[in-house]
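Owing to the predicted nature of the structure, the values given are computational and were not obtained by experimental measurement. Along the sequence shown, residues carry numbers from 1.
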Amino acid sequence: MLATPHRLRRTGVCSAPGRRLMRWLETGLVVGLASLFSASCAQEEPDPPGNPIVLGALLPFSGSESAIGRNLEQAMLLAVQDLNAAGGLDGRPFRLRSRDSHSSSERGFDELLKLLYTDQVHYLIGPEENGLARDIALDVKALDVFHMLPGYAAPAVARSEAMGGWMRLAPSSYDVGCTLARIAYDEGIDTVNSLAARDDYNTTVSSEFATHFAALGGRIFPSVTFTSGQQTYASKIESAFEADVGRTLLAAYPTTGSTIVTEWAVSGRPGTWLLGPALRTEVLLANIPTGSLDGYIGVSPSLSLRSECRATAEGHPVVDCTTGNAAAFIGHYSRLWDGEAPLPAAHFYYDGVVLIAMGLAYAQATSGAIPTSGHELHEIIRELNDPTHEAASWRDLPAAMAKLRAGIPLRYVGAAAEYQFDSYGANRHYFMQLWTVDGDAFVDLAPVGVSCVGRR
């Protein structure tokens, strides 16, 4: 626990968090320690022109996950541009302060500490890396920071805290795992296993997949795990497929996944894959033999709004959805970024910025102050998105921000979802998107309802 639950710049106290001091000393991060002291004790610098509301973000711009970092940042920059065009926070502009996680737990954690203690942000977005989000939780709580978690790999939020605020936007690994299990079971598959990266997110997806498949009555064979960044995965591939199961889940990030698929194709393509959500990026398709994954099924969050979907038949998991909202956002994003399309996760990152802005605008209108307490902002955003409130779309932020400034509560219809949060701050999801591969392109199939056994 940190020595003080308040920001150093708000209290004027020159005191460093005891646990982090010990941790940094133990790991030899002397430079980081010096940086922490100077950031904590220095005079506060004057605000930049326009007195902006600064949002801090940690993304992988280098390392094994670098393929996604820039795309996600561009979504947030687009949201900042749209919000500022809508008048900002009563005239104050929003600004994004991004740092690089380097796709590394150690280096990424150092950058997170800089966002909190050097940049002194009140509102934190990301990281993509599950472990980093867990590691910084003590600091978020002690400093009472608001932490928005848009990424697929974000940790679950499943408890209430008096300090700090967490909100998770994308479907959880629980939802992903149970949907994958339901797909395999409904296809008449009797046996499954996984080939999963040894990281928090992919390991958890693999575990949830196995748990739900067993609950449905299927038989689980031992999973094979691997460490990303290896030169070859031939022995792991052989171990995963020697059991001769009906489906093998590949749970990995795209850089490693492409190496595995390439080696698997060369080895004769044994078995049948199910594909995890992190694999749906152009990076995967650009680095595997064309056609090698044709016809294999994957799952990712549905970007259709709940109001755009209807059940095809009572009790049937397949739903019929339109995609007008997602298509509109793809066009909006592509016009700014020279024709580049947003990754599915980018829709959630855009929404994360807008949700923060909406909460701040409503709080200022109703209380006369901009909340810097993460716990307070968490409660405001959660209550704003009550399904009984009037809807406000990302497509008309000027109108939405004007109403919020007038103290009118609005729920957000975003680029990725119509948001409704549970008591802990996790967005509720009702559908997942099935997809397959055809040559060098992903092809969407019908979405399916999220119907987990013992769904929590």
Side-chain angles (χ1 to χ4, degrees), residues 64-65 67-68 151-153 170-187 189 191-199 201-210 212-213 218 221 223-226 228 233 236-237 240-241 245-265 267 269-303 317-318 343-345 431-448 450:
S64 61
E65 297 171 40
I68 63 176
Y152 293 179
S172 67
S173 54
Y174 182 90
D175 290 335
V176 172
C178 85
T179 303
L180 286 162
R182 172 62 69 178
I183 292 167
Y185 182 80
D186 287 347
E187 288 182 353
I189 302 303
T191 56
V192 301
N193 70 347
S194 298
L195 180 57
R198 204 173 291 125
D199 59 68
Y201 176 65
N202 286 300
T203 299
T204 305
V205 167
S206 171
S207 174
E208 294 290 1
F209 170 61
H212 287 286
F213 192 75
F221 279 69
S223 293
V224 177
T225 62
F226 59 86
S228 298
Y233 300 94
K236 300 293 186 178
I237 295 168
F241 286 105
V245 298
R247 293 289 185 274
T248 296
L249 170 65
L250 178 57
Y253 290 110
T255 301
T256 302
S258 62
T259 302
I260 289 172
V261 170
T262 299
E263 291 190 327
W264 165 80
S267 71
R269 307 185 185 186
T272 304
W273 292 115
L274 276 175
L275 304 172
L279 294 172
R280 186 169 175 164
T281 75
E282 298 304 320
V283 173
L284 176 74
L285 298 186
N287 291 283
I288 62 174
T290 301
S292 57
L293 288 180
D294 283 9
Y296 291 106
I297 302 296
V299 65
S300 59
S302 172
L303 297 178
V318 175
L343 296 171
F431 311 109
M432 297 290 286
Q433 181 66 54
L434 296 189
W435 48 269
T436 187
V437 178
D438 183 9
D440 58 357
F442 292 106
V443 178
D444 284 337
L445 305 173
V448 295
V450 177

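- Interatomic distance, L249 CG to N202 CG, rounded to the nearest 0.5 Å: 8.5 Å.
- Under the side-chain contact (heavy atoms from CB on, under 4.5 Å) criterion, L343 pairs with I68, N71, T281, not counting sequence neighbours.
- With sequence neighbours left out, T248 forms a side chain to side chain donor-acceptor pair (under 3.5 Å) with N193.
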Show your working on side-chain contact (heavy atoms from CB on, under 4.5 Å) between T179 and V448 and close with a plain yes or no.
CA-CA 8 Å; T179 303; V448 295; 3.6 Å; yes
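- Contacts of S207 classified as side-chain contact (heavy atoms from CB on, under 4.5 Å), with partners at least two apart in sequence or in another chain: T211.
- Across T290 and D440, no two heavy atoms sit closer than the pair CG2-N, 4.4 Å.
- Side-chain atoms of Q433 come within 3.5 Å of backbone atoms of L445 as a donor-acceptor pair (strictly under, hydrogens ignored).
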The test is side-chain contact (heavy atoms from CB on, under 4.5 Å); show your working for V192 and L180 and say whether it passes.
CA-CA 11 Å; V192 301; L180 286 162; over 6 Å; no
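- Scanning both residues, C178 and V450, for their nearest heavy atoms gives SG-CG1, 4.1 Å.
- For F226, the ring pair (Phe, Tyr, Trp, His ring centres under 6.0 Å) criterion is met by Y233, not counting sequence neighbours.
- For A286, there are no side-chain contact (heavy atoms from CB on, under 4.5 Å) partners at least two apart in sequence or on another chain.
- When the side chain to side chain donor-acceptor pair (under 3.5 Å) test is applied to S172, no partner is found at least two apart in sequence or on another chain.
- Residues T191 and V245 share a closest heavy-atom pair of OG1-CA, 3.4 Å.
- With sequence neighbours excluded, the residues forming a salt bridge (charged side-chain N to carboxylate O under 4.0 Å, His left out) with E187 are R247, listed by chain and number.
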Residues S194, S206; criterion side chain to side chain donor-acceptor pair (under 3.5 Å); working and verdict
CA-CA 6 Å; S194 298; S206 171; 3.1 Å; yes
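- From N287, atom CG reaches atom CG of L284 across 8.0 Å, with rounding to the nearest 0.5 Å.
- The line from CD1 of I260 to CG of L195 is 5.0 Å long, rounded to the nearest 0.5 Å.
- For D438, the salt bridge (charged side-chain N to carboxylate O under 4.0 Å, His left out) criterion is met by no residue, not counting sequence neighbours.
- A pairwise comparison of heavy atoms in G151 and A170 identifies O-CB, 3.9 Å as the closest pair.
- The side-chain contact (heavy atoms from CB on, under 4.5 Å) test applied to Y296 returns W264, T272, W273, L275, L293, not counting sequence neighbours.
- Interatomic distance, CZ of R280 versus CG of D444, reported as 4.0 Å (0.5 Å rounding).
- Put simply, the side chain of V261 reaches to within 4.5 Å of the side chain of L250, judged on heavy atoms.
- The shortest non-hydrogen separation linking S267 to P270 is OG-CD, 3.7 Å.
- A search for side chain to side chain donor-acceptor pair (under 3.5 Å) contacts involving D294 returns nothing, not counting sequence neighbours.
- Annotation: the span from M432 atom CE to D175 atom CG amounts to 6.5 Å, rounded to 0.5 Å.
- Looking at V176 and E208, their side chains never come closer than 4.5 Å, going by heavy atoms from C-beta outward.
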May I have the step-by-step check of side-chain contact (heavy atoms from CB on, under 4.5 Å) for W435 and V443, ending in yes or no?
CA-CA 6 Å; W435 48 269; V443 178; over 6 Å; no
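- In this structure, the side chain to side chain donor-acceptor pair (under 3.5 Å) partners of R198, at least two apart in sequence or on a different chain, are T225, T227.
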Considering only distance and modelled atom types, tabulate donor-acceptor pairs under 3.5 Å from the side chains of residues 251-258, sequence neighbours left out.
{"from": "T255", "atom 1": "OG1", "to": "S64", "atom 2": "O", "distance (Å)": "3.0"}
{"from": "S258", "atom 1": "OG", "to": "P254", "atom 2": "O", "distance (Å)": "3.2"}
{"from": "S258", "atom 1": "OG", "to": "T255", "atom 2": "O", "distance (Å)": "2.7"}

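- Heavy-atom minimum distance, Y152 versus P344: OH-CB, 3.1 Å.
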